[in-house]
Amino acid sequence: MWRASRRVPSRIKCLGQGRPTSRAQQPCRNYAEEGADKSAKAAQARLQAVGSLPTETSSGGVGRTILTATLAVGAGVGGLTVYAKTSPEFRKTLEGNIPYAREYLGAVLDRGPKMPDLGLGGVVDKAKDMVGMGKKKEEQLGSFLPKLSKSKADEEEKQRKAAADTAAQAVSVGTDEPMPVAAKEPSAAHKESATKRPAKEKKPVGVEKPEETAAAAIAASMDEPLPPESKSEPKAKKKAEDKPATKKKALKEKAEDTAAAAVAAALDQPFATEARETPMRTPEEVQAKLLEKEIDDLADRAATLAIIQHELQDLKRTATSAIHAQEEAAHATKMHSEQIKHAMDEDTSGPLGKEEQWQAVTGAKEAQVDALKQAEATAAAARENLEKVRAVIKQGKSSLSEPDQEILSAEEELGKLAYELETAVGKVSKAQADAQVMQEYQALVEQGRKQFKKELESIMPDVKLGGWRGKLSEDELNSLIAHAHRRIEQLQSQLAEQQLLEKSRMDDALARQRTEDEKETLALLSRELERQKRELALAQDLRIAQARDQYEAEMRTQLRRQAGAHSEHLQDVLRVQEQELSSKHQAEMHDALMDERDRYQVKLNEAMARLRGVEAAIEGRADIEREARKAQELLIACETLKRLINTGNEEAASWEERRIPLSREVNTVKEAAGDSKFFQTLLGSVPQQAMEAGVFPEDSLRQRFLRVKRVCRRVAMIDETGGTLFQFFVSYLQSLLLVDAGRRSLPPGKEVDPKKLDTFTLLSYAEHSLENGDLEQAARFMNQLKGEPRKVASDWLEEARLTLEARQAAQALAAAAAAVGLGNLV
Amino acid sequence: MAAEVRSEDELGKKWDRCLADTIVKMGGGLAVGVVFSVFLFKRRPWPVAFGTGVGLGMGYSNCQHDFRNPNLLHGTFVKKIEKGEK
């Protein structure tokens, strides 16, 4: 505590503060200041001990904090990014919660082949998941197993519809967007992963409607990437056809992606979660499963169809191009041979000179060569494609439960294309054969020419054929002519020979030609046969498919009918059972209820009877008790009366006031007694004066008696007639002189002679009796007084008599009440 | 008598009355004697004594009379007052 502010109290007088005093005092110890100093020093020491004060290293600390904060943030962001890369769910949550996270994560994580972000980022991810799942599934399934139960078909339908819309939208949007990047990327990527193709062919993405849109989208997409990717439309078509394989692969990849996206957008959770609870075969679920199966069938079919369509179109294109190429080749060959013929036959006539003709020939030859090469290449490619498509179709047919009409039509088209291709190739070969003939002819001609040339050379070594430079000499000419003549002769002979052998040669040639024709016709026939076979097979398949469809539909309806009938039957049975059971139950319940009621009734009756018994007993008891109570009351009242008579007013100061009127108690007794005549009589015997004025209790009478006795003794000598004063005085004197020897008791059993009784004895007897509590006897004795003492004691006597009367009445009443009470005491 | 007199107290009362009366008579007699003595007999003591004696005698006589005939009531005359008269 800082005590710097505390002032030293002025009381403390010490040296150094205030005036110095003469008293011997201690020097002033200014505790406040001292303390302040000390505490300040201590605080500073503490601070120094703890560490440096912040003001010294403020800048370093701030920098350090900034650095640490940046590092922490960077570490956090990096960690989040890495985690987002590994866990797509986490990435999704991040993208959802943090703004601009998607862009950031896309920039950082999404390198490599990826579709353009159409805003269906989540959809595409799902699609990739679906695709992966689908691949796994396809590998597992040979034929269809009942798919795992889904939640609700309606929800799915809705979802699918919504997803199909979005997919279609997305795809249409996607096709409008520039896709060179995307298309190139797939091609680039696919060149690396060519082996994945066969696996990717077997992608069973399964939804129906989106597949159509997907197919359309695929077609669209296949058209679209052509212009930007190829860029070679102005160029010769061979450039575009040079990479049919890669293009096809690229397109296929692209189309698969699109298809996957479109399809997976429709499919949501159902395929995402493979692990499900075991299917419970409730009717709704069964129906749902059937529906599911149908949907799956359709979906798969649609998927394969899409692929097939894709392939077909691919094939068509290549096939047409191949055919075109073949035709071109054939045409070129024909041209070539014609040119040769032309060159051979006509030497100088015609628009073109010889040399130009031969140049044309070479040109044509070149063209033919090129065309042939092209044709071969395209044919090979087309054949490859054909095989591919055939394989796809076969696989599709095998994977589906029944072949679809579209597949069949695809097959048909395939067959047709193959046929066309083959025919074109045949044409080419035919042309080639013709060319061969022509070439042979040309070769022969060449040979002849060469021979001629050689011969000429042998004859005239300096002359070169064709090189008619200047004029030839006569010798040369002659030799030439001679040679020519010789040659002509030779040729004529040859010709004759030839004409002779013409027939045989012709036969040979015909035979050869026949064989060739036969071969060709055989080939043609075989082709035709194949075609026919194919067509028949197709037709059969078609019919089979139709029949199957029909049967399937019929079976379904029948099954449905049966199911309906079954359910109706069940309902009926259940209803009947319910009724039965309910009626039984009702009966049982009723019985049980009746039983219970009866039992309850019996119990109730029992209880009621008991209750009534108890009531009667109680009432009887109550009567008895009432009587008893009344008796008690009576008794109490009587006892009260008796007591009152005996004791009087206990609160009275002196004996004079101990009178209490008995009226109340007597009335109480009267009430308690009720209608009893006996009691009424008894109550009537209570003297009126006692009721009004009350009675003296015995004690007060006793006390009063003392005075009475005194006075009586004083006037003992005076009789009724009165007396003079003198007599009074003498009587008084007598009383003084007569000693009261105590209370004389009456000897028991002895008779008393009334004549011998005088005042004093009487008084003495009375007193004795009173002392013994016998008021009655005392009253008797007092009654014997005569003369003036009698007059003096008259009141006392009266009172005593009253008391005695009352007491007698009360005692009688009490006795009677007790008797009544005792009688009622059970 | 309005208040109830007990029989044993009657005599006492009688005696009280008697005494009171005697004293009054004696006083009266004394007074007369004194007066007579002073005014008539030149302050001689014998009228006082005489008066006192007279008083005493009168009282005694009354007492005696009272005691001898105890049944005699002491009544008073009540004047009949008619309506209208005060």
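Since the model is a prediction, treat every value here as computed from it, not as a measurement.
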Visitor: Flag the one option from Glu799(A), Lys791(A), Arg704(A), Glu798(A) with the top tally of heavy-atom pairs under 4.5 Å to chain B.
Guide: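 Of Glu799(A), Lys791(A), Arg704(A), Glu798(A), Arg704(A) has the most heavy-atom pairs under 4.5 Å with chain B.
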Visitor: In terms of heavy-atom pairs under 4.5 Å with chain B, which of Glu788(A), Arg714(A), Gln727(A), Arg707(A) leads?
Guide: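 Among Glu788(A), Arg714(A), Gln727(A), Arg707(A), the one with the most close pairs to chain B is Arg707(A).
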Visitor: Is it the side chain or the backbone of Asp66(B) that comes within 4.5 Å of chain A heavy atoms, both, or neither?
Guide: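 Looking at Asp66(B), nothing touches chain A.
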Visitor: Tell me, for Gln64(B) versus chain A, whether the close heavy atoms (under 4.5 Å) come from the side chain, the backbone, both or neither.
Guide: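 Both backbone and side chain.
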Visitor: With no hydrogens and no angle check, do the side chains of Gln777(A) and Arg780(A) hold a donor and an acceptor under 3.5 Å apart?
Guide: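 Present: a donor and an acceptor within the cut-off.
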Visitor: Can you name the nearest heavy-atom pair linking Ala817(A) to Leu634(A), along with the distance?
Guide: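 Looks like CB-CG, 3.7 Å.
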Visitor: Need one label for Ser794(A): side chain, backbone, both or neither, based on atoms under 4.5 Å from any heavy atom in chain B.
Guide: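 Both the backbone and the side chain of Ser794(A) come within 4.5 Å of chain B.
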Visitor: What are the two closest heavy atoms between Arg807(A) and Glu698(A), and how far apart are they?
Guide: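 Where Arg807(A) meets Glu698(A) most closely, the heavy atoms are NH2-OE1, 2.6 Å.
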Visitor: Would you find more than 12 non-hydrogen atoms of other residues, nucleotides or ligands less than 6.0 Å from Tyr732(A) atom OH?
Guide: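 Incorrect, the count does not exceed 12.
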Visitor: List the steps, then state whether side-chain contact (heavy atoms from CB on, under 4.5 Å) holds for Glu767(A) with Leu763(A).
Guide: CA-CA 6 Å; Glu767(A) 192 177 355; Leu763(A) 284 173; over 6 Å; no
